[in-house]
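Note that this is a predicted model, so its numbers are computed, not measured. The basis for the numbers below is simple: all heavy atoms, side chains too, and nothing from hydrogens, waters or symmetry mates. All chains are named by letter (A, B, ...) in the order of the sequence lines, taking the proteins before the strands, and each is independently numbered beginning at 1.
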Protein chains: 2
Amino acid sequence: MGKQMTEMLKGTLEGIVLAILSGRSAYGYEITAWLRDQGFTDIAEGTIYALLVRIEQRGLVDVEKVPSEKGPPRKVYSLNAQGREYLEEFWRTWSFLAERLEQLRKGGQ
Amino acid sequence: MGKQMTEMLKGTLEGIVLAILSGRSAYGYEITAWLRDQGFTDIAEGTIYALLVRIEQRGLVDVEKVPSEKGPPRKVYSLNAQGREYLEEFWRTWSFLAERLEQLRKGGQ
DNA sequence: TCTAGCTACTTGGTAACGCTAACTACCGGT
DNA sequence: ACCGGTAGTTAGCGTTACCAAGTAGCTAGA
């Protein structure tokens with residue numbers, strides 16, 4: 001979609017990935033594929049992997065290395081308690097922002 | 001609100017300011033005050049001024065210097081045609097993102 | 001007069017995040 | 001032996017918001 005999307009994803013992409021992981025465990029390649037499926041066609045693979053490393057280092061997810069039949073081992077991530085807390089905080093922040101923006105969109109004309 | 005908000009504002013703050021300017025012309029100090037009023041208590045003044053310079057350089061707004069009775073002259077910004085186009089693109093990007101996130105929030109549990 | 005405080009904008013440096021691009025590595029089929 | 005799909009890593013870059021300090025005009029009070 002372009003530069004606007006790139007900038008808007010800062011901060012939200014993390015929440016998106018955490019939200020995905022709140023439903024089920026997943027590994028990087030899988031998440032990337034799912035995002036592309038959802039229309040995020042231009043999200044770079046490297047971005048997701050870097051993000052996963054980041055949230056792992058922050059202790060928001062647990063990681064398990066699982067052998068794959070089709071390639072190198074997968075790093076399967078699952079949201080832990082701290083991650084769930086962080087995700088809730090994310091939703092609060094998102095709600096606040098979304099409310100103001102919807103208000104602005106309506107009031108704008 | 002914290003780091004999450006800071007990151008989430010990247011990309012959206014610009015849209016917020018453009019949306020404000022789509023309703024009426026305004027100057028930096030005024031916009032900052034309005035944002036604080038709306039609950040964006042921790043947006044730094046410098047951030048808004050920098051953003052305004054940016055969108056001016058991109059040709060999204062027209063600027064007029066207007067003397068103030070209470071201090072130094074104001075730089076009053078108003079959205080031009082190109083800015084309106086850019087704002088519409090912003091709303092499209094935002095809608096896309098907001099839809100996916102709402103879906104995720106519901107599906108997430 | 002001089003100082004404090006509000007108004008209004010500017011500037012320089014920092015950190016975080018997503019992007020790009022190239023790379024490693026495992027596996028199956030041709 | 002090679003290629004394409006699977007899976008992850010790394011280094012450098014550009015953009016953006018934050019912080020801190022500074023400049024400058026005006027008014028009111030000591």
Can you check the Glu64(B) CD to dA8(C) P distance for me, whole Å? 15 Å

Do nucleotides 18-30 of chain C as a string where each nucleotide becomes B, S or -: B if the base has a protein heavy atom under 4.0 Å, S if just the sugar-phosphate does, - if no protein is that close. SBB----BBS---

Evaluate the side-chain contact (heavy atoms from CB on, under 4.5 Å) criterion for residues Tyr77(A) and Glu64(A): first the C-alpha distance (whole Å), next the side-chain angles of each, then the deciding distance (0.1 Å), finally the verdict. CA-CA 7 Å; Tyr77(A) 295 84; Glu64(A) 197 190 352; over 6 Å; no

Please report, rounded to the nearest Å, how far the P atom of dT7(C) is from the CH2 atom of Trp34(B). 18 Å

Hey, what's the ring geometry for Trp94(B) with Trp94(A), parallel, tilted or perpendicular (30° and 60° as the breaks)? parallel

Pairs where residues 27-37 of chain B contributes a residue and the test side-chain hydrogen bond (donor to acceptor under 3.5 Å, both in side chains) is met, not counting sequence neighbours: Tyr27(B)-Arg74(B)

What verdict does the side-chain contact (heavy atoms from CB on, under 4.5 Å) test give for Lys3(B) and Met8(B), after you've listed the backbone C-alpha separation in whole Å, the side-chain angles of each residue and the deciding distance to 0.1 Å? CA-CA 8 Å; Lys3(B) 205 162 70 63; Met8(B) 231 181 274; over 6 Å; no

No-hydrogen, no-angle side-chain donor-acceptor test under 3.5 Å, Ser95(B) and Arg105(A): yes

Tyr49(B) has a side chain; which of dT7(C), dT10(C), dA7(D) sits nearest to it? dT10(C)

Ignoring backbone atoms, test whether Lys65(B) places a side-chain nitrogen or oxygen under 4.0 Å from the OP1 or OP2 oxygen of dC9(C). no

Nearest 0.5 angstrom please: Ile31(B) CD1 to Ile48(B) CD1, how far? 7.0 Å

Rounded to whole Å, CD of Glu56(A) lies from C1' of dG8(D) at a distance of 12 Å

Tyr29(A) has its side chain closest, among dA7(D), dT16(D), dA8(C), to dA7(D)

